[in-house]
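Here's the structure, in structure tokens; my notes come after.
Just the heavy atoms: all of them, side chains too, but no hydrogens, waters or symmetry mates, feed the values below. By convention in this document, chain letters (A, B, ...) are assigned in the order of the sequence lines, proteins followed by strands, and residues within each chain are numbered from 1.
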Amino acid sequence: MSESETPKFRYTAALANEIEPRWQAYWAENGTFQAPNPAGELADPAHPRHGAPKLHVQDMFPYPSGAGLHVGHPLGYIGTDSYTRYKRMAGFNVLHPMGFDAFGLPAEQYAVQTGTHPAVTTAANVERYKNQLRRLGLAYDDRRTFATTDPDYYRWTQWIFLQVFNSWYDPAVRKARPIDSLIAAYEEGSRIAPGRPWAELSPVERRKLIDDHRLAYVSEAPVNWCPGLGTVLANEEVTPDGRSERGNYPVFQRSLKQWMMRITAFGDRLVEDLDTLDWPEPVKMMQRNWIGRSRGAHVDFPVGDETITVFTTRPDTLFGATYMVLAPEHELVDKIAPASWPADTNAKWTGGADSPAAAITAYRAEAAAKTDEQRTEGKEKTGVFTGAYATNPVNGASIPVFIADYVLAGYGTGAIMAVPGQDERDWAFAEVFELPIIRTVQAPADFEGAYTGEGVAINSDWLDGKGVVEAKAEMIAWLEQHGHGRGATTFRLRDWLFSRQRYWGEPFPIVYDETGLPVALPESMLPVVLPDVDDFSPRTFDPEDADSEPETPLSRKKDWVNVELDLGDGLKTYTRETNTMPQWAGSCWYELRYLDPHNDKALVDPDNEAYWMGPQRDGDCGGVDLYVGGVEHAVLHLLYARFWHKVLYDLGHVSSFEPFRKLFNQGYIQAYAYRDARGVIVPAEEVEELGGRYYIRNTEEVFREYGKMGKSLKNVVTPDEMCEQYGADTFRVYEMAMGPLDVSRPWETRAVVGSQRFLQRVWRLVIDEETGAVRVGDEPLEPAVRKHLHRTIAGVREDLDELRFNTAIAKLIELTNTLTPLPAVSREAVEPLVLMLSPFAPHLAEELWGKLGHSGTLAYSAFPVADPEQLKAESITYPVQVNGKVKARVEVSPTATEDEVREAALAAVDDVVAGRTPKKVIVVAGRLVSVVV
RNA sequence: GCCCCUGUAUUCCAACCGGCAGAGAAGAUGGUCUCAAACACCAUACAGUGUGGGUUCGAAUCCCACCGGGGGCACCA
């Protein structure tokens with residue numbers, strides 16, 4: 001049979017599948033990848049890395065879906081695994097943990113579909129993921145794993161919620177402080193309650209006042225209601241076209257009573273601290289955009305007895321404000337509108353209505369009927385006059401007040417002063433409604449339209465001649481001095497909507513008493529365990545039914561909702577909060593729990609936090625040393641996690657003020673998909689290529705497209721298949737070798753064989769394929785080979801430090817190819833090669849390391865270090881260019897002086913120069929010589 | 001519309017501060033092994049760097065414009 005012809009001891013998939021589980025079992029039994037803590041239960045003074053410099057590397061933990069992993073998912077995990085294996089060998093105490101983000105909509109939806117409890121399906125999915133990850137040989141400290149759904153974990157999620165609830169933001173010190181300090185300030189009179197004095201307030205009034213300052217608070221406000229999902233959503237979970245990110249259902253603005261988190265209080269710090277982070281610039285940009293900080297001024301415009309306050313970033317242009325615009329929903333609209341149109345009202349302003357009230361009603365109806373998309377798509381500005389005139393505080397000018405849907409109720413004050421000369425939108429509106437345009441910034445000659453650039457102020461009285469920056473500052477000073485306004489900063493960021501009408505999430509540690517106000521449960525009552533219910537499905541509605549009312553699954557469980565508790569003033573009846581926390585809650589702080597996963601006294605022991613995540617020098621933000629994940633979490637998870645971390649920092653629970661010091665976005669593995677002539681997706685594995693065209697069943701032509709890997713495209717390849725066909729090491733090497741970690745690339749199963757051939761060559765270097773004997777001897781290397789070895793060591797270290805795994809592997813292949821044809825196989829080269837390969841192909845390396853006569857694991861063996869002597873070249877070959885073309889090469893000693901090199905080079909190109917006198921001779925040390933004639 | 005990233009052999013990708021365009025992999029072609037094939041091994045070929053300008057002794061690399069691909073933002077006052 002043909003089997004007998006494959007050498008018995010060749011490195012094949014079958015051999016890999018024998019070696020790999022064996023080493024995985026060894027690592028697990030010996031706790032090889034356990035990292036010692038400085039304090040507590042996980043401390044271990046006998047550990048080889050006890051007291052070593054630390055390195056905390058983390059992946060964005062997965063959401064264990066029912067579908068399991070495909071080959072794209074572990075790309076980042078293999079990257080961090082290779083990096084941490086290297087760093088561990090290089091002497092670091094490496095923390096590389098893995099957990100599971102298991103609460104949330106998909107698990108719940110899957111559970112509803114299959115009729116199984118989400119706890120059951122989640123546990124099964126987590127188990128499956130763990131097995132898949134283990135099969136890849138990922139070196140996690142498995143004592144530190146958890147799922148966010150574990151009551152021991154979400155106990156602390158609830159605990160953090162209580163910290164947030166029991167805090168307020170003190171703008172004077174720009175930080176969160178315990179709520180007791182606010183109560184004390186009111187009591188002692190250092191802070192004055194608005195309206196009536198604190199002493200005269202009833203207990204309920206006092207609670208309401210305090211509740212209004214908490215960082216977690218209940219508010220009745222317009223929120224994103226998604227009937228199709230049966231829950232409200234955070235702004236971050238709604239797409240720009242007003243649909244749910246998950247499920248793509250319509251989202252409606254509804255005023256509902258919901259939990260909010262005061263993330264806006266941290267807007268400044270969330271923007272400013274981005275500068276301390278080593279993050280990809282696009283991600284920082286997305287966060288800045290999302291937070292949307294604008295500096296400018298609030299300006300008060302009197303309208304009769306009322307005052308309209310606007311926000312503007314251009315107070316310097318106030319002299320050019322020729323009209324005002326309010327959002328249609330603005331609360332002053334009805335108050336300022338007179339009963340009838342003023343005399344001489346431009347017919348274009350009235351929308352054809354008989355009275356301002358009629359015009360306003362009609363316009364509001366028109367605006368409400370438009371979707372966001374329709375509203376922004378139409379370039380033509382619409383609006384209607386309110387009939388009212390306001391007074392421009394700088395020059396007393398009487399200017400008309402309009403409503404228009406290009407002004408958004410939710411941003412700034414929902415009102416603007418319109419300066420058509422310097423704002424494109426205002427210009428467009430002014431053209432439609434024939435409003436005057438006054439330029440207040442000198443535009444370049446022949447400039448048409450709104451000028452938004454730099455220039456000196458004109459038509460602006462005392463500001464004339466000043467630049468934009470100076471004019472802004474002077475105008476703000478003037479406004480403040482005369483009581484017409486003040487400097488202000490606004491944010492696009494809204495407070496975080498924190499409650500969901502879902503079952504599968506963390507319950508709030510909150511009950512309500514007879515006043516209907518929230519009462520925090522004491523820490524001793526945590527965790528509030530998610531109760532078992534018969535019906536965990538959410539109440540969903542017709543996706544278009546905007547008027548439906550949310551209903552929480554937990555509210556159905558009456559015997560849980562109504563509870564008798566003693567919260568310090570005797571046994572009383574309370575009602576539990578029945579909303580649950582959003583999916584993001586558990587991932588907002590998990591990086592901290594890895595540090596001290598079993599601590600039941602504290603979120604994390606301060607010594608352990610300071611060691612793993614504390615600032616490393618003055619001004620350092622601290623945090624995880626390397627955090628790897630997809631760019632899709634650029635705003636959601638990464639913004640929320642930063643916010644919670646800052647609250648914990650302010651309250652003294654952590655020493656780092658940012659959770660993730662360095663962020664790296666890995667690329668995606670994409671895959672080809674194929675459609676037949678009808679446009680139906682066909683299974684990718686059945687497609688064959690022939691001369692650049694693609695066929696299925698040998699006859700039918702199909703057409704290739706490029707996209708994500710997924711069930712619906714029938715192009716999923718799983719790591720399990722890869723392990724079976726090639727082994728985990730080959731799969732790992734392939735994923736790391738196919739390109740830089742941050743580049744998206746296509747998956748190509750047939751190319752995997754290249755990585756297998758490489759590992760086979762390494763194996764063959766050590767082991768005789770026919771006999772299984774070790775072929776390695778102790779003879780020294782040829783000097784040239786030794787130099788190559790040390791160049792490789794230096795290069796591989798540098799590449800690994802920079803996460804350039806693909807080029808590191810290329811260098812290892814190169815070294816292997818140098819060693820392969822040599823008559824003798826020297827230990828001097830093979831041992832470093834095996835050690836350098838071990839981050840990528842750990843099982844194979846462990847196996848060979850054992851065969852080379854070492855006992856135990858190589859995980860703590862020193863990573864090879866290049867000998868600087870060996871990196872010095874014995875001679876340098878200089879290419880010699882004449883007029884930019886290489887004409888000759890000269891070999892000189894590395895110690896040769898510039899003059900010697902020049903002389904040698906000129907001699908070498910003597911025939912080309914042919915007697916002409918060189919105009920210029922450039923010697924670039926160590927590089928080349930350039931001769932110009 | 002604005003902003004960011006990106007364009008190198010058939011394909012995925014290298015090329016550090018501007019200095020000989022090629023490290024690695026796949027595929028192709030030819031060969032060794034084999035009765036034959038597969039595996040494995042050996043060898044060979046394949047681009048002047050999207051286009052057009054500029055700076056420079058010298059440009060894939062720096063600058064400008066345009067074209068193509070990817071991403072973000074988009075009435076945010």
Side-chain angles (χ1 to χ4, degrees), chain A residues 2-3 5-7 10 12 240 280-283 285-286 288-290 292-294 296 310-314 317 325 327 372 375-379 381 404-408 410-419 422-426 428-429 490-493 631 634-635 667 689 692 733-734 737-740 742-758 760-761 764 769 795 798-799 802 804 806-814 816-817 820-821 877-889 918-922 924 926-933:
Chain A
S2 59
E3 265 175 40
E5 288 165 33
T6 302
R10 173 166 293 173
T12 58
E281 207 45 52
V283 175
M285 185 67 68
M286 281 188 253
R288 281 192 200 101
N289 280 341
W290 186 262
R293 179 168 74 172
S294 303
V310 304
F311 174 74
T312 177
T313 56
R314 293 296 300 275
T317 65
V325 186
D372 273 11
R375 204 169 54 77
T376 52
E377 246 175 28
K379 297 255 176 349
K381 290 280 178 285
D405 62 6
Y406 84 93
V407 173
L408 309 174
Y411 184 78
T413 60
I416 64 159
M417 65 178 209
V419 187
Q422 271 74 232
D423 185 286
E424 284 164 16
R425 296 150 303 179
D426 296 345
F429 190 89
T490 60
F491 295 92
R492 199 188 89 114
L493 181 70
V631 72
V635 264
E689 187 193 340
V733 169
Y734 174 66
M738 61 203 281
D742 54 355
V743 168
S744 293
R745 51 306 250 314
W747 177 262
E748 206 180 353
T749 298
R750 66 176 183 173
V752 177
V753 69
S755 298
Q756 187 175 39
R757 284 178 194 151
F758 163 51
Q760 275 175 354
R761 285 202 296 279
R764 198 177 295 126
E769 285 193 333
E798 205 178 306
D799 286 343
E802 302 297 320
R804 293 191 303 249
N806 54 326
T807 50
I809 290 172
K811 290 180 174 78
L812 293 175
I813 293 173
E814 226 180 317
T816 305
N817 292 348
T820 301
T877 305
Y878 281 87
V880 185
Q881 293 183 346
V882 178
N883 291 341
K885 292 260 172 8
V886 177
K887 295 291 183 184
R889 285 158 209 281
K919 285 186 200 137
K920 211 170 191 180
V921 180
I922 298 151
V924 185
R927 292 284 188 183
L928 57 48
V929 182
S930 185
V931 181
V932 189
V933 294

>> Classify A:Ala751 by what it touches in the nucleic acid, base, sugar-phosphate, or nothing, heavy-atom distance under 4.0 Å.
In response: sugar-phosphate
> Considering only B:C57, B:A77, B:C13, which nucleotide approaches the side chain of A:Val743 most closely?
Replying inline: B:C13
> Glycosidic conformation of B:G50, syn or anti, with 90° from 0 as the boundary?
Replying inline: anti
>> Regarding A:Arg288, tell me which of base, sugar-phosphate or nothing describes its non-hydrogen contacts under 4.0 Å with the strands shown.
In response: nothing
> Where does B:C73 fall, syn or anti, if syn means a chi angle no more than 90° from 0?
Replying inline: anti
>> Here's a test of your reading of the structure: between A:Ser755 and A:Met285, which maps to the more 5' nucleotide of RNA chain B?
In response: A:Met285
> Whole-Å distance between B:A77 P and A:Ile416 CD1?
Replying inline: 11 Å
> In terms of the nearest nucleotide of RNA chain B, which residue is placed more toward the 5' end: A:Met286 or A:Phe311?
Replying inline: A:Met286
>> If you compare every side-chain N and O of A:Thr490 against the phosphate oxygens of B:A77 (OP1, OP2), does one of them come in below 4.0 Å?
In response: no
>> Please tell me if A:Arg757 has a side-chain N or O lying less than 4.0 Å from either OP1 or OP2 of B:C39.
In response: no
>> Can you tell me which nucleotide in B:A40, B:A25, B:A14 comes closest to the side chain of A:Arg764?
In response: B:A40
> How many Å lie between CZ on A:Arg804 and C1' on B:C16, as a whole number?
Replying inline: 7 Å
